[in-house]
Amino acid sequence: GLSNDGIFNNNTGGQINIDRSSGTGLSNTGTSASAFNNAGTITIGANASVGSYGIYNLVAFNNNTGGQINIGNSTNKGLYNGRVFTNAATINIGANAPVGNYGIHNQFGATFNNNMGGQINIDRSTSAGLLNESSTFNNAASITIGANQSVGAYGLQNQATFNNSTGGQINIDRSTSWGISNESGTFTNAATITIGAIASVGFYGLANNTTFNNNAGGQINIDRSTGAPSAGIYNSGSSATFTNAASITIGANQSVGQYGLENIATFNNNTCAILSTTAPINNAAGKI
């Protein structure tokens, strides 16, 4: 629909509408000096398919203050980032039409920054709302996954480095198996994560297989994990470590199924940290 290999500025008041491309709605590639800067409105796939990707980024993409990006009708990924994507405004993915396997896929050593003022909304993916693979995702604003429609098996799937820093707010609903799955790498939280506040997130609210740190200032709230087996937090893996130095509340509003915490690895609840659960703790061959 639109292919940029240089500098493209969609300034305040600008309106870009893209439909009926066969490969990608908006492709931002080129040299290291290339960049796409948006402070207006970009609407991709409002009326018809745009191909595999809504946005495909391999250089620098900046959604600046005042910008709004709307993505639907992609067949594989709503937004693919392979280099540096910085958001300080609004991104709506899958609000009105499916976007394929992933709402956002951050891959290949990329960096995705959701800075202060950023609002990312993801619905209608089929595998995961957000997949962070071999890359870094920094969140200091708002990410809402599955507020209105299913996002597939995973709400948020992390396989690298994910930082939810001061000011960050992550809300996850309507996954079918995992709210958050930290499969490899490190997930560090120093802000707020709310899982299952309005709808089921599947078997596990939060599953950790490597390193998860809930640092000072962190608040994790988990409800509505359902099925069998099921747990608010499932901490597993031969070298998995979950460290809580702040506050975790499990099942305060709705059932989380069999266990509040099922631990078969290492779970550290540090001095002055709070772990509150209305469901049992199952320390099955683990260490707490």
Residues in side-chain hydrogen bond (donor to acceptor under 3.5 Å, both in side chains) contact with Thr277, at least two apart in sequence or another chain: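 Testing Thr277 for side-chain hydrogen bond (donor to acceptor under 3.5 Å, both in side chains), a comparison that skips the adjacent residues, returns none.
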
Got a sec, which residues hit ring-ring contact (aromatic ring centres under 6.0 Å, His included) with Tyr56, two or more places apart in sequence or on another chain?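 Counting only residues at least two positions away or on another chain, Tyr56 forms a ring-ring contact (aromatic ring centres under 6.0 Å, His included) with Tyr53, Tyr80.
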
With sequence neighbours excluded, tell me which residues meet side-chain hydrogen bond (donor to acceptor under 3.5 Å, both in side chains) with Thr192.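 Testing Thr192 for side-chain hydrogen bond (donor to acceptor under 3.5 Å, both in side chains), a comparison that skips the adjacent residues, returns none.
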
Taking side-chain contact (heavy atoms from CB on, under 4.5 Å) as the test, write out the residues that go with Thr271, two or more places apart.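 By the side-chain contact (heavy atoms from CB on, under 4.5 Å) rule, Thr271 matches no residue at all.
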
Would you mind listing every ring pair (Phe, Tyr, Trp, His ring centres under 6.0 Å) that reaches into residues 9-28, with sequence neighbours excluded?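 Residue pairs with at least one partner in residues 9-28: there are none.
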
Side chain to side chain donor-acceptor pair (under 3.5 Å) contacts in which one or both residues fall within residues 57-67, not counting sequence neighbours: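 Applying side chain to side chain donor-acceptor pair (under 3.5 Å) to every pair that reaches into residues 57-67, excluding sequence neighbours, yields Asn28-Asn57, Asn37-Asn62, Asn38-Asn63, Asn57-Asn81, Asn63-Asn87.
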
Going by ring-ring contact (aromatic ring centres under 6.0 Å, His included), name the residues that satisfy it together with Tyr154, two or more places apart in sequence or in a different chain.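 Here the qualifying residues are Trp178.
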
Restricting to side-chain contact (heavy atoms from CB on, under 4.5 Å), what partner residues turn up for Ala140, sequence neighbours left out?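 Result, side-chain contact (heavy atoms from CB on, under 4.5 Å) vs Ala140: none returned.
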
Check side-chain hydrogen bond (donor to acceptor under 3.5 Å, both in side chains) between Ser142 and all other residues, then give those that pass, not counting sequence neighbours.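 Partners of Ser142 under the side-chain hydrogen bond (donor to acceptor under 3.5 Å, both in side chains) test: Gln119.
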
Counterpart residues, ring-ring contact (aromatic ring centres under 6.0 Å, His included), relative to Phe137 (two or more places apart):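 Partners of Phe137 under the ring-ring contact (aromatic ring centres under 6.0 Å, His included) test: Phe112, Phe162.
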
Tell me which pairs pass ring pair (Phe, Tyr, Trp, His ring centres under 6.0 Å) where either residue lies in residues 237-257, with sequence neighbours left out.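 Non-adjacent pairs meeting ring pair (Phe, Tyr, Trp, His ring centres under 6.0 Å): Phe212-Phe242, Phe242-Phe267.
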
For Phe8, all residues meeting side-chain contact (heavy atoms from CB on, under 4.5 Å), sequence neighbours excluded: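 Result, side-chain contact (heavy atoms from CB on, under 4.5 Å) vs Phe8: Leu2, Asn4, Asn10, Ile16, Phe36.
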
